[in-house]
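Handing you this structure, nothing more for now.
Labels below follow one simple rule: chain letters A, B, ... track the order of the sequence lines, proteins then strands, and each chain is numbered from 1.
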Amino acid sequence: MSILDNLNPEQQKAVQATEGPVLIFAGAGSGKTRVLTYRIAYMVHELGIAPEHILAVTFTNKAAGEMKERIAQLIGEQAPSLWASTFHSLCARMLRADGAAIDIDPNFVIYDEADQRALIKETLSALNIDSEQYSPVDIHYEISNAKNELLTAADYKPHRKNPLERTAKRVYRNYQQRLAASNALDFDDLLMSAVHLLRESEELRDKYQNRFRYILVDEYQDINFAQSSLLELLADKHHNLCVVGDDDQSIYGWRGANVRLILAFEEHYPEAQVFKLEQNYRSTANILRCAYEVIRHNPARADKKLWTDNPPGEAPLVYRAINEQEEAEWVARLIQSQIRQGQAEPGDFAILYRTNAMSRVFEESLLDANMPYEIVGGVRFYERAEIKDVIAYLKTLLNPVSSVSLRRIINNPTRGIGAKTLQVLDSEARRRKVSLFEMCGIVSELDQIRIREQQAVADFYDMMTALHSRIDKLSLVKLVREVVKRSGSLQRLRESGAADDAGRAENVEEFVTAAARFQKTHEDNSLVAFLEHIALISDIDQAKELGSTVSLMTLHSAKGLEFPTVFIVGLEEEVLPHYRSMSDEFELAEERRLCYVGMTRAQQRLYLTHCHRRTIFGETQQMQPSRFLKDLPEEVVQRRGELAPGSSPRLIEAREEIPEMQMSGRRLDLTKILSRATAGATASAEQSRRSAEPIPSSAGDYTVGDKVSHPSFGDGRVVSIKGTGDEAEIVVGFPDKGIKKLLARYANLKKL
DNA sequence: CGTGTCTCTTTTTTT
DNA sequence: AAGAGACACG
């Protein structure tokens with residue numbers, strides 16, 4: 001009868017400990033979300049706590065959405081009064097409501113990464129700082145870190161001998177002035193200002209402390225200092241702060257997250273109750289074992305070890321591919337063959353990679369294999385240039401002082417307002433202490449600007465004022481439509497002959513649809529609300545149901561998800577671990593955790609693949625297998641398509657599994673490689689020289705039109721040949737089986 | 001002023 | 001491989 005019946009004893013304890021600070025270490029797959037949601041249900045149902053007194057904070061929108069949904073299932077109609085949101089939307093909400101207390105205009109716009117960088121560039125050039133010497137990226141990183149540490153420009157203390165930091169301080173101050181003048185907050189400001197607000201106003205602190213009597217935080221290992229300070233302030237009265245996390249899954253250190261904060265929780269709240277959820281319900285024993293062997297090499301982990309009652313399952317498989325194309329084809333074929341055998345559906349598979357750029361080959365191979373797939377994350381809709389343009393119009397309308405937005409659109413589409421004109425406008429605006437937009441309205445006073453350009457500016461100004469006057473009169477969609485029409489941006493895209501522009505025009509139309517959807521589904525469908533939604537939610541596809549298609553995503557985006565079958569691809573040195581992280585011990589540990597996070601997403605099957613060669617930056621390189629592969633326990637791992645990395649070469653039986661890759665063919669090939677490898681020295685120079693040589697190929701034996709025989713497809717005719725050597729791709733038409741793309745290396749074709 | 005071409009750099013992960 | 005910025009030309 002009780003909610004508690006569905007929980008194990010440790011979970012029950014964690015659910016019932018509702019009062020006071022609580023720290024829950026929840027290993028991968030240990031039912032963390034379950035505990036969080038049941039805890040809330042328990043508080044509401046069994047203890048009668050009003051949902052509006054509960055705040056659930058998550059790190060991503062996806063997690064927040066899921067939590068709301070799950071809680072709604074448990075507590076029904078009371079759910080809407082509960083706050084479940086990300087840190088950033090929580091802060092934005094507080095600041096819209098009460099930011100006036102610290103001089104924040106409720107209509108502030110949120111500057112995203114690109115806006116921030118544009119403003120930094122603007123600042124750099126205004127301060128006459130050479131952006132070659134001090135790159136906007138580096139400066140921004142410094143400022144962002146300072147804000148994460150809650151240091152204002154005045155508080156920020158650069159190292160005396162560090163010119164970058166000293167420059168950053170100058171820029172920080174000026175940048176902040178520009179943000180204020182633009183009535184804008186950047187991502188980091190949201191957090192910092194919310195803390196500021198609570199510190200400054202006792203009244204508001206009281207208000208929020210009384211409102212949020214029970215606070216739950218997910219993914220606490222990803223928290224930064226500003227976020228933890230915010231929580232401390234909010235929980236300062238009732239002390240009912242429950243945090244859940246797993247230090248082994250901390251993968252956002254590069255963004256200011258600090259794992260030590262979870263480890264230091266007990267120091268800060270000595271009375272904290274600590275629970276450890278160590279039983280894994282997700283993965284097979286073998287998968288878990290492998291994951292553990294990878295993670296256990298990290299220093300300074302909180303002491304814990306996952307265990308499971310699940311059966312051992314299949315041994316995780318390590319596959320070495322020739323190059324990324326072959327890797328992708330192997331993955332696609334494996335998926336295809338499992339689906340054909342009725343063992344699985346597309347939604348059972350996830351392909352996880354280190355960087356978004358790696359998704360492309362997999363898309364192609366899945367397309368070839370006719371597999372439905374979906375890319376999660378990646379280039380987000382709202383970040384496309386044409387969409388950002390429309391958004392910039394909206395931001396400017398809401399907030400004409402927002403200089404970054406105005407600069408983006410003033411000559412987009414081109415209307416004859418060039419750099420020169422803009423520069424004059426800007427310096428005059430500065431001299432007269434008016435905003436750039438206001439300056440546009442009095443452009444006729446400037447005789448440095450030619451009449452033609454004056455006219456262009458004036459027309460632009462008139463258009464924007466006309467649109468501005470309609471903000472309150474038109475519904476959101478109508479306003480967006482009007483903007484798209486009046487600005488001429490859609491028309492330009494439609495009329496352009498450029499191939500990509502048709503797609504861009506469609507995107508703009510899709511944006512209008514997104515506005516319509518927002519208007520329909522949100523109670524507060526004002527322009528402000530819509531823009532905030534875009535800035536913070538920023539994922540138009542999030543509503544799409546995963547589950548019917550193969551999922552492609554980065555290891556980072558996979559956090560919190562699970563799939564029956566997981567492929568982690570590109571397990572190579574310099575990819576995972578990423579080359580930018582290899583020189584730093586701390587970052588290296590984070591790469592390892594990233595690998596661990598990926599592995600623990602798998603329920604039934606885990607495939608780890610790496611390539612012998614990979615093309616990076618348009619250059620083909622020899623790759624070494626990832627060091628993480630070396631940590632796998634040999635007794636529970638199958639290795640295929642390769643020589644065991646680092647150790648003495650050995651041949652491992654390949655099971656017949658994929659029709660195109662026949663035993664005999666591969667054994668022959670491996671034997672060849674084996675003999676050459678043992679004959680030669682192990683020096684890497686020697687190795688690369690050798691593999692640069694063309695490997696004796698069968699491709700040369702075929703010409704288009706040849707009749708060939710395949711062990712399982714029977715007789716067919718060569719349709720085309722792409723490439724050379726063992727990488728050659730031979731397309732063969734088989735009368736019964738259709739057209740097949742075969743790799744010369746594996747196909748084991750016989751010429752007839 | 002706008003466009004096109006060329007070179008150059010850049011690619012980690014994201015609220 | 002692709003995008004951004006520099007430069008030259010119309």
(request) Only counting residues at least two apart or in another chain, list the ones meeting salt bridge (charged side-chain N to carboxylate O under 4.0 Å, His left out) with Arg614(A). (result) Glu327(A), Glu572(A)
(request) Check whether any side-chain N or O of Arg415(A) sits under 4.0 Å from OP1 or OP2 of dC1(B), and answer yes or no. (result) no
(message) From CG of Asn61(A) over to P of dT14(B), roughly how many Å is that when rounded to an integer?
(response) 13 Å
(message) Taking only the C1' atom of each, what is the distance from dA6(C) to dT11(B) in whole angstrom?
(response) 22 Å
(request) Just compare dG2(B), dT14(B), dT11(B) and give me whichever is closest to any side-chain atom of Glu113(A). (result) dT14(B)
(message) Rounded to whole Å, please give me the gap between CE in Met358(A) and C1' in dT13(B).
(response) 12 Å
(request) May I ask you to check whether Glu363(A) and Tyr373(A) show a side-chain donor-acceptor distance below 3.5 Å? (result) yes
(request) Check side chain to side chain contact (heavy atoms under 4.5 Å, CB included) between Arg255(A) and all other residues, then give those that pass, not counting sequence neighbours. (result) Phe59(A), Tyr252(A)
(request) For Ile417(A), report the nucleic acid contact type (base, sugar-phosphate, nothing); a contact means any heavy atom under 4.0 Å. (result) sugar-phosphate
(message) Please pick, from dT15(B), dT11(B), dT14(B), the nucleotide with the shortest atom-to-atom distance to any side-chain atom of Arg580(A).
(response) dT11(B)
(request) Please state how far atom CZ in Arg93(A) lies from atom C1' in dT15(B), giving the value in whole angstrom units. (result) 18 Å
(request) Could you please name the option among dT11(B), dT15(B), dT14(B) that lies closest to any side-chain atom of Thr86(A)? (result) dT15(B)
(request) Take Gly418(A) and Thr355(A), find for each the nucleotide of DNA chain B with the closest heavy atom, and name the residue whose nucleotide sits nearer the 5' end. (result) Gly418(A)
(request) Give the rounded distance in Å between these two atoms: CZ of Arg255(A) and P of dT13(B). (result) 13 Å
(request) Check whether any side-chain nitrogen or oxygen of Thr421(A) sits under 4.0 Å from OP1 or OP2 of dC1(B), and answer yes or no. (result) yes
(message) Of the listed nucleotides (dT11(B), dT3(B), dT15(B)), which one gets closest to any side-chain atom of Thr414(A)?
(response) dT3(B)
(message) Output the rounded distance in Å from CZ (Phe187(A)) to P (dT14(B)).
(response) 12 Å
(request) Calculate the interatomic distance between Met553(A) atom CE and dT14(B) atom P; express it in whole Å. (result) 11 Å
(request) Decide, yes or no, whether a salt bridge links Arg96(A) with Glu532(A) under the criterion of side-chain N to carboxylate O below 4.0 Å. (result) yes
(request) Return the set of residues passing side chain to side chain contact (heavy atoms under 4.5 Å, CB included) with Phe586(A) (not counting sequence neighbours), or none when no residue passes. (result) Val259(A), Asp584(A), Glu590(A), Arg593(A)
Quick test: give all pairs of protein nitrogen or oxygen and nucleotides 3-8 of chain C nitrogen or oxygen below 3.5 Å, distance rounded to 0.1 Å.
from: dG5(C); atom 1: OP1; to: Lys121(A); atom 2: NZ; distance (Å): 3.1

(message) Would you say Asn224(A) places a side-chain N or O within less than 4.0 Å of OP1 or OP2 belonging to dT15(B)?
(response) no
(message) Over all strands shown, is Phe59(A) touching base, sugar-phosphate only, or nothing at heavy-atom distances under 4.0 angstrom?
(response) sugar-phosphate
(request) Provide, to the nearest angstrom, the distance between the OH atom belonging to Tyr111(A) and the C1' atom belonging to dT14(B). (result) 20 Å
(request) Would you mind telling me which residue lines up with the more 5' stretch of DNA chain B, Ala357(A) or Thr60(A), judged by nearest nucleotide? (result) Ala357(A)
(request) Would you please name every residue forming a salt bridge (charged side-chain N to carboxylate O under 4.0 Å, His left out) with Asp138(A), sequence neighbours left out? (result) none
(request) With sequence neighbours left out, write down each residue that passes ring-ring contact (aromatic ring centres under 6.0 Å, His included) with Phe530(A), or none if nothing qualifies. (result) Phe511(A), Phe518(A)
(request) Report the distance from atom OH of Tyr579(A) to atom C1' of dT13(B), rounded to the nearest whole Å. (result) 13 Å
(request) Could you tell me whether Asp246(A) and Lys32(A) have a side-chain N and a carboxylate O separated by less than 4.0 Å? (result) no
